[in-house]
Amino acid sequence: MSFSLKQSPLATCMDVSNSFVHRRSPSMICRSLFLPSLNLQNNPKRTNLSLSKPLHISSIESLGKEKKPVIQCKAYEADKSQPIEAAGEVKSEAAKKVKIGIYFATWWALNVVFNIYNKKVLNAYPYPWLTSTLSLACGSLMMLISWATRIAEAPNTDFEFWKTLFPVAVAHTIGHVAATVSMSKVAVSFTHIIKSGEPAFSVLVSRFLLGETFPPAVYLSLLPIIGGCALAAVTELNFNMTGFMGAMISNLAFVFRNIFSKKGMKGKSVSGMNYYACLSMLSLLILTPFAIAVEGPQMWAAGFQKALSEIGPQIIWWMAAQSIFYHLYNQVSYMSLDEISPLTFSVGNTMKRISVIVSSIIIFHTPVQPINALGAAIAILGTFLYSQAKA
């Protein structure tokens, strides 16, 4: 019996100097079939064989007049599995894009609904400190129930975790209350136009307090942001200084929240959903005594009776809806951070502001001058350019 070695199209590393190998005993044949490398001739000059792929038996033929069987060996074509793997990767990538798209659509929709109900509540019941407290309390209660019923897995935290979370919660509380105060005084669209200037605060704080440097393109992108916000503020028909300052303070507070979060949460294995839940609970503990001191139960009770007489029981649904949707939209935004890059999140946040501004103008019939709309567009464009320059 003789061996005949044929090269597979994919076996590029095989070099057989002789087409046929001289006869061997059956024991030698069996041994050759299972050895990872084949020394087919004792004379190295006659046969030089190098394999990069395993061999398999392709067919048995007859050789010469004696009709002796010849075993043909070919390299196993494992590369044929690559298109299947590639197809799997394509499907996985497509599924990931769909998932991110669902996150973004849900995030924007929840944020729009929250802003609508939040403004309705503040128009009828102008107590932003209590409204902010109810938002955090509702979210905290929802997550505690989720953990207790094992709908969501409770995070494994320690004292060090809560210690590093505390400054984040302080900044989050200030930013949340300031934004709510702003929306109680001015149109939702104006608050979000001013809040689109947050990147300017981020760069200034990082540059002068943290000593970070940025490329020239980042600094240039701040010009349309600052210019657009200034143009929108000057041409706002219902301008209010308290509302304007509330949005500016919210920008600054959220910048510090992001800085503290990046510094304190390195190496912490807590999901985005649970991280925001813990943040809401700690912020609730911080905010509650201040809300009682600034407004107090007597003002809340008197205001609620007035709102109930003017709006009816519907005010209760509005308050519940704004609290629920506030937590949900923030929770989805933090969950999306587990799936996307900060740059993609920044672009998504810019698009979210556009959806909120446009929807609030339509729903509340907010009067907008062309020059005011131009300022808003310039500011939002600057925010987009900033996110691209920061990449």
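Note that the coordinates shown come from a computational prediction; the quantities given were computed from them, not determined experimentally.
For Glu212, the CD atom counts as densely surrounded, since its 6.0 Å shell holds more than 12 non-hydrogen atoms of other residues, nucleotides or ligands. Annotation for Lys119: atom NZ counts as buried by contact number, over 12 foreign heavy atoms lying within 6.0 Å. Surrounding CZ of Phe290 are at most 12 heavy atoms belonging to other residues, nucleotides or ligands under 6.0 Å away.
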Please test Leu165 against Cys278 for side-chain contact (heavy atoms from CB on, under 4.5 Å), starting from the C-alpha separation and ending with a verdict.
CA-CA 8 Å; Leu165 188 64; Cys278 296; 3.8 Å; yes
For Asn274 and Trp147, what are the C-alpha separation, side-chain angles and deciding distance, and is it a side-chain contact (heavy atoms from CB on, under 4.5 Å)?
CA-CA 10 Å; Asn274 285 334; Trp147 292 339; 3.0 Å; yes
Start with the C-alpha gap between Thr131 and Thr180, add the side-chain angles, then the distance that decides, and say whether side chain to side chain donor-acceptor pair (under 3.5 Å) holds.
CA-CA 8 Å; Thr131 304; Thr180 309; over 6 Å; no
Report the C-alpha distance between Met281 and Leu144 in whole Å, list the side-chain angles of each, state the deciding distance to 0.1 Å, and finish with yes or no for side-chain contact (heavy atoms from CB on, under 4.5 Å).
CA-CA 10 Å; Met281 294 174 188; Leu144 287 174; 3.6 Å; yes
May I have the step-by-step check of side-chain contact (heavy atoms from CB on, under 4.5 Å) for Tyr386 and Val203, ending in yes or no?
CA-CA 10 Å; Tyr386 166 81; Val203 171; 3.4 Å; yes
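Closest non-hydrogen pair, Ser196 versus Thr383, comes out as O-OG1, 3.0 Å. Closest non-hydrogen pair, Tyr275 versus Ser261, comes out as OH-OG, 2.9 Å. Here the closest non-hydrogen pair linking Phe254 and Gly175 is CZ-C, 3.5 Å. What you find for Lys120 and Phe364 is that their closest heavy atoms are CG-CE2, 4.2 Å. The shortest non-hydrogen separation linking Phe244 to Ala233 is CE1-CB, 4.1 Å. The minimum heavy-atom distance between Pro297 and Ile292, with the atom names listed, is CD-CG2, 4.2 Å.
Taken to the nearest 0.5 Å, the CG atom of Leu279 stands 7.5 Å off from the OG1 atom of Thr173. Remark: Ile226 CD1 to Phe201 CZ distance equals 8.5 Å, nearest 0.5 Å. Separation of atoms CD (Gln369) and CD (Glu236) is listed at 9.0 Å; rounding is to 0.5 Å. Once rounded to the nearest 0.5 Å, the distance linking CE of Met248 with SG of Cys229 reads 8.0 Å. Between the CG atom in Leu141 and the CG atom in Leu136 there is a gap of 12.5 Å [rounded to 0.5 Å]. Atom CE in Met143 sits 10.5 Å away from atom CD1 in Ile145 (nearest 0.5 Å).
Proximity of a side-chain donor or acceptor of Gln322 to a complementary backbone N or O of Val121 within less than 3.5 Å is not detected. Under the 3.5 Å distance criterion, the side-chain polar atoms of Tyr329 are left unmatched by any main-chain donor or acceptor of Phe114. Using modelled atom types, no side-chain atom of Ser182 and backbone atom of Thr191 make a donor-acceptor pair closer than 3.5 Å. Looking only at distances, no side-chain donor or acceptor of Ser283 sits under 3.5 Å from a matching main-chain atom of Ser280.
Side-chain contact between Met142 and Leu328 is present, with at least one heavy-atom pair separated by less than 4.5 Å. Looking at Val332 and Tyr103, their side chains come closer than 4.5 Å, going by heavy atoms from C-beta outward. Taking 4.5 Å as the limit, every side-chain heavy atom of Ser202 sits out of range of all side-chain heavy atoms of Asn258. Using a 4.5 Å heavy-atom threshold, the side chains of Tyr276 and Met335 count as separate. When side chains are defined from C-beta on, Leu252 counts as touching Val205, because their heavy atoms get closer than 4.5 Å. At a threshold of 4.5 Å between non-hydrogen side-chain atoms, the residues Phe161 and Pro155 do not count as touching. The shortest distance between side-chain heavy atoms of Tyr117 and Ser323 does not fall below 4.5 Å. Between Tyr125 and Ile311, every side-chain heavy-atom pair lies at or beyond the 4.5 Å cut-off.
The six-membered or imidazole ring of Phe159 lies away from that of Trp162, with a centre-to-centre distance of 6.0 Å or more. Here the two rings, on Trp300 and Phe304, have centers that are 6.0 Å apart or farther.
Hydrophobic clustering (side-chain heavy atoms under 4.5 Å, transitive across Ile, Leu, Val, Met, Phe, Trp, Tyr) keeps Leu204 apart from Val218. Using a 4.5 Å cut-off between side-chain heavy atoms of Ile, Leu, Val, Met, Phe, Trp and Tyr, with links allowed through other members, Val186 and Val234 fall into different hydrophobic clusters. A single hydrophobic cluster is seen to contain both Leu130 and Val181, as judged by linkage of ILVMFWY side chains at heavy-atom distances under 4.5 Å, directly or through other members. Note on Phe260 and Leu287: same hydrophobic cluster, where clusters join Ile, Leu, Val, Met, Phe, Trp and Tyr whose side-chain heavy atoms are under 4.5 Å apart, directly or indirectly. No chain of hydrophobic side-chain contacts below 4.5 Å, direct or via other Ile, Leu, Val, Met, Phe, Trp or Tyr residues, connects Leu381 to Leu374.
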When the side chains of residues 351-363 are checked against the rest of the protein, which donor-acceptor pairs come out under 3.5 Å, sequence neighbours left out?
unit_1 : atom_1 : unit_2 : atom_2 : d
Lys352 : NZ     : Asn349 : OD1    : 3.0
Arg353 : NH1    : His192 : ND1    : 3.0
Ser355 : OG     : Lys352 : O      : 2.6
Ser359 : OG     : Ser355 : O      : 2.8
Ser359 : OG     : Val356 : O      : 3.1
Ser360 : OG     : Val356 : O      : 2.9
Ser360 : OG     : Ile357 : O      : 3.0

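With respect to Ser189, the side chain to side chain contact (heavy atoms under 4.5 Å, CB included) criterion is satisfied by exactly one of Asn115, Thr366, Ile194: Thr366.
Tyr326 and His176 have parallel rings, their planes meeting at less than 30° on a 0 to 90° scale where 60° marks the start of perpendicular.
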